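Shown next, in structure tokens, is the structure this report addresses.
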Amino acid sequence: MNKIEQTVEIPHLGGSRVGYTFARPYDPALPTLVLINSYTTSAELYRPQFADPALGSAVNLLALEPYGHGRTRASYRHFTYWDSAVANLQALAALGIREAFVLGTSQGGWVAVRMALLAPDTVKGLITLGTSMDSESERSRELGCWDGIGFNTPLIDALAEPVGDDWVVPDDVVDAVFTTAMGGLPAQERAFWLAAYRANYASDAGRRRLRLSTVNLRDRDGLHGRLDDVHCPVLWLHGTADQVYSVANAQEEIRMFTRSPEARLEIIEGGQHFLSASHPAEVDSAAVDFVKRRS
């Protein structure tokens, strides 16, 4: 399958360029499934989904990269997850897509829910993978989630000073992400992501994007007080081997979508934090079923 990898101009944050990837040319007769990637990755996180013919024939697969990630850039220097939600909605409008289902992995789940809160007429359903609706709170740690403050603060501190044009993200940063999110990577996949990170996070501009993406991860606002304003169906998939956010947390938070017509949690045995990468068959099948039943 030949992917279509481009950017689209939007007005948000002083003018922005959003990186997007279609699995194939857009077909207005099909529903659209937006894919939002996890922390420091890019649209490449969804290579298994783009390679799945069953998923690709059922929906328009469209990956949108958040601020600080992949090819997405803004004129303004600071951004939040709310900004990425607005940018995604403006990108959909610019691409002529009036409604879509939205799937997000980890931080992509936070962006997806924000999109549904901001534009309920646009977002027809949510699929969240390995995520949490909380801030990095004491409550979440008591439920078995990671110490996001302890994980992210040393990197934020290490990235505080400007660097030269020859700087690239250190390999140990990439390894730390994928050890936590996937339990590590085989050699070929590790080489792929090392190259991708070096391309995405290079020079002082790359350092700044990486640092702010990490600040956003550590310091984000929680959504508990807003979840009862989500009115679309929600499917939450969560792996039992997720080292970042616990099943217990997912079980508690799925019940907070009190005004969703259907809010359902499915547990994937052995699934890692980057669930679309560790268990693509289960994720893809669930996504096809979810979209077909609502289209």
Side-chain angles (χ1 to χ4, degrees), residues 1-52 55-76 79-116 118-119 122-129 193 196-197 199-201 206 209 213 216 274 276-277 280 283-284 287 291:
M1 182 179 294
N2 294 319
K3 294 184 295 184
I4 301 170
E5 299 175 291
Q6 297 182 13
T7 59
V8 61
E9 301 293 326
I10 61 165
H12 195 56
L13 292 187
S16 299
R17 184 174 72 250
V18 175
Y20 72 89
T21 302
F22 271 117
R24 62 182 184 182
Y26 175 71
D27 181 353
L30 291 176
T32 296
L33 179 61
V34 173
L35 310 173
I36 309 173
N37 55 274
S38 53
Y39 167 72
T40 65
T41 65
S42 65
E44 296 291 351
L45 179 69
Y46 294 110
R47 284 173 293 148
Q49 284 65 51
F50 284 115
D52 183 342
L55 182 59
S57 64
V59 300
N60 293 298
L61 275 183
L62 170 61
L64 296 175
E65 294 171 322
Y67 285 116
H69 297 71
R71 296 153 290 158
T72 297
R73 302 286 184 272
S75 297
Y76 295 167
F79 50 81
T80 68
Y81 293 117
W82 289 102
D83 289 313
S84 287
V86 171
N88 285 353
L89 293 167
Q90 291 185 355
L92 287 175
L95 294 169
I97 300 172
R98 299 183 61 182
E99 60 183 37
F101 296 87
V102 186
L103 179 153
T105 298
S106 189
Q107 71 166 13
W110 314 328
V111 175
V113 172
R114 284 166 169 81
M115 290 173 65
L118 292 171
T122 299
V123 178
K124 311 311 290 183
L126 294 169
I127 305 173
T128 62
L129 312 179
W193 281 113
Y197 272 65
N200 287 340
Y201 297 110
R209 288 194 304 274
S213 295
N216 284 339
F274 288 178
S276 63
V283 169
D284 296 1
V291 172

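None of the values given here were measured: they were computed from a predicted structure. All values below were derived from every heavy atom in this structure, side-chain atoms included, with hydrogens, water molecules and symmetry-related copies excluded.
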Residue pair [X] / [Y]: nearest heavy atoms and the distance that separates them:
X: Ser84; Y: Pro66; value: OG-CB, 3.5 Å
X: Gly109; Y: Thr128; value: CA-CG2, 4.2 Å
X: Tyr81; Y: Ser213; value: OH-O, 4.1 Å
X: Gly19; Y: Thr72; value: N-OG1, 2.9 Å
X: Ala91; Y: Leu64; value: CB-CD2, 4.3 Å
X: Val291; Y: Pro31; value: CG1-CG, 3.6 Å

[X] (side chain) donor-acceptor with [Y] (main chain) under 3.5 angstrom:
X: Gln49; Y: Ser276; value: yes
X: Glu65; Y: Ser42; value: no
X: Asn60; Y: Asp27; value: yes

Plane angle bin for [Y] and [X] - parallel if under 30°, tilted between 30 and 60°, otherwise perpendicular:
X: Tyr197; Y: Tyr201; answer: tilted
X: Tyr20; Y: Phe22; answer: perpendicular
X: Tyr67; Y: His12; answer: tilted

Do [X] and [Y] touch side chain to side chain, with heavy atoms closer than 4.5 Å?
X: Leu92; Y: Leu62; answer: yes
X: Phe79; Y: Leu13; answer: yes
X: Ile97; Y: Val34; answer: no
X: Asn200; Y: His69; answer: no
X: Leu103; Y: Leu35; answer: yes
X: Pro25; Y: Ile4; answer: yes

Please round to the nearest 0.5 Å and tell me the distance separating atom [atom1] of [X] and atom [atom2] of [Y].
X: Ser57; Y: Asp52; atom1: OG; atom2: CG; answer: 8.0 Å
X: Phe50; Y: Leu55; atom1: CZ; atom2: CG; answer: 9.0 Å
X: Thr40; Y: Trp193; atom1: OG1; atom2: CH2; answer: 8.0 Å
X: Arg209; Y: Arg73; atom1: CZ; atom2: CZ; answer: 3.5 Å
X: Asp83; Y: Ser16; atom1: CG; atom2: OG; answer: 8.5 Å

| For Met115, the option from Val102, Leu126, Thr122 that meets side-chain contact (heavy atoms from CB on, under 4.5 Å) |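 Single pass found, and it is Val102.
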
Is atom OH of Tyr76 surrounded by more than 12 heavy atoms (other residues, nucleotides or ligands) closer than 6.0 Å?
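No, because the 6.0 Å sphere around OH of Tyr76 holds 12 heavy atoms or fewer from other groups.
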
State which residue, out of Thr21, Asn37, Thr41, Thr105, fulfils the side-chain hydrogen bond (donor to acceptor under 3.5 Å, both in side chains) condition with Tyr46.
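Of all the options given, the one that passes is Thr105.
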
Exercise for review: Please lay out, stage by stage, how Asn216 and Gln107 fare under the test side-chain contact (heavy atoms from CB on, under 4.5 Å).
Suggested key: CA-CA 10 Å; Asn216 284 339; Gln107 71 166 13; over 6 Å; no

TODO: With side-chain contact (heavy atoms from CB on, under 4.5 Å) as the test, would you mind laying out the steps for Phe274 and Leu45 before giving the verdict?
DONE: CA-CA 9 Å; Phe274 288 178; Leu45 179 69; 4.0 Å; yes

